[in-house]
Amino acid sequence: MDCTVHGVRLELVQGDIARQPDMEAIVNAANAELMPGGGVAGAIHRAAGPGLAEECRPLGPIRPGEAVITGGHNLPNKYVIHCLGPVYGVDEPSDELLAQCYRRALALAEERGIRSVGFPSISTGAFGFPMDRAATVAFRTMLEQIPRLRTVNHIRFVLWGADALRTHEAALSRCLEEAGLPSSEG
Ligand code: AR6
């Protein structure tokens, strides 16, 4: 799925967040210590090499909803934006903390003049957030922030598997409709 909202391209693809060479920045679904882990964090740190963990070490721990930015090291991306999503049912209010991750990631990207950002589906793996609900929070937040963006003009959600892609496509269609935007725009 691919649409343009207020001049910003919003794209949903199935794939691996650590293999998005055309994105200037990618987002990590981090742990508080910003250290390698499983899922997205494991894939990103493996591809980036040990220099990423070294740069991250003094920046942690961070709290749910917070984000920090580092270089991409051996990744094809110039930057990695590390977000700590909420653990579902533990870090509350979970919807707001998840929305904060997306807002802060975009704010950091704008501060650096970044044009393209790849996002994973934060909190929907080890942190247990129901995917449909997380996708709705993510896209409502994106649609609310997009009109304010000055440098970011391409946002890609990189979803792990066909089911995740379908769930996100359905959620984006609903959020576009809710915002009065046609899903065929662009
Ligand atoms: N590319 C894109 N999406 C992926 C990839 C990948 N390579 N691998 C998994 N996903 P998670 P969280 C999907 O667990 O829930 C880590 O161990 C996955 O299917 O990576 O925020 C950290 O160290 C799911 O839909 O992040 C933290 O401790 C989504 O990405 C903790 O897990 C997020 O899954 C963070 O948990």
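In this text, all values refer to a predicted model and were calculated from it rather than measured experimentally. Quick note: numbers below take in every heavy atom, side chains included, and nothing from hydrogens, waters or symmetry partners.
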Are [Y] and [X] co-members of a hydrophobic cluster defined by side-chain heavy atoms under 4.5 Å apart?
X	Y	value
M131	M1	no
I146	I81	yes
V152	F139	yes
V13	V40	yes
I17	V117	no

Taking only Lys NZ, Arg NE, NH1 and NH2, and the carboxylate oxygens of Asp or Glu, determine whether [X] and [Y] approach each other closer than 4.0 Å.
X	Y	answer
R156	D22	yes
R174	E177	no
E96	R103	yes

Hey, could you give me the [atom1]/[atom2] distance between [X] and [Y], rounded to the nearest 0.5 Å?
X	Y	atom1	atom2	answer
L165	T167	CG	OG1	8.5 Å
D163	R166	CG	CZ	5.0 Å
M142	L149	CE	CG	8.5 Å
M23	I155	CE	CD1	10.0 Å
R63	Q100	CZ	CD	9.5 Å
L181	T4	CG	OG1	11.5 Å

With respect to H154, which candidate in E11, E24, R115 satisfies the side-chain hydrogen bond (donor to acceptor under 3.5 Å, both in side chains) definition?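 The single option meeting the side-chain hydrogen bond (donor to acceptor under 3.5 Å, both in side chains) with H154 is E11.
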Stepwise side-chain contact (heavy atoms from CB on, under 4.5 Å) test for D2 and L12: CA-CA 6 Å; D2 201 334; L12 273 51; over 6 Å; no
Which heavy atom in [X] sits nearest to a heavy atom in [Y], and how many Å separate them?
X	Y	answer
R133	S94	NH2-OG, 4.3 Å
F129	P86	CE1-CG, 3.9 Å
I62	H82	CD1-O, 4.0 Å
A179	L143	CB-CD1, 4.2 Å
R112	I69	NH2-CG2, 3.3 Å
G85	D91	O-OD2, 4.4 Å

Under 6.0 Å between ring centres, would you say that holds for F157 and F119?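 Ring centroids of F157 and F119 are less than 6.0 Å from each other.
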Side chain to side chain donor-acceptor pair (under 3.5 Å) involving N153 - partner list, sequence neighbours excluded: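 Testing N153 for side chain to side chain donor-acceptor pair (under 3.5 Å), a comparison that skips the adjacent residues, returns none.
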Donor-acceptor contact present, side-chain [X] to main-chain [Y], <3.5 Å:
X	Y	result
Y102	Q145	no
N28	C83	no
Q14	V158	no

With heavy-atom distances below 4.5 Å as the criterion, would you say the side chains of [X] and [Y] are in contact?
X	Y	value
T136	C175	yes
W160	D16	yes
L10	L172	yes
L98	I122	yes
E66	L84	no
E178	R140	yes

Identify all side-chain donor-acceptor contacts of residues 42-59 below 3.5 Å with residues at least two apart in sequence or on another chain.
{"residue": "E55", "atom": "OE1", "partner": "G71", "partner atom": "N", "Å": "3.2"}
{"residue": "E55", "atom": "OE1", "partner": "H73", "partner atom": "NE2", "Å": "2.7"}
{"residue": "E55", "atom": "OE2", "partner": "G71", "partner atom": "N", "Å": "3.4"}

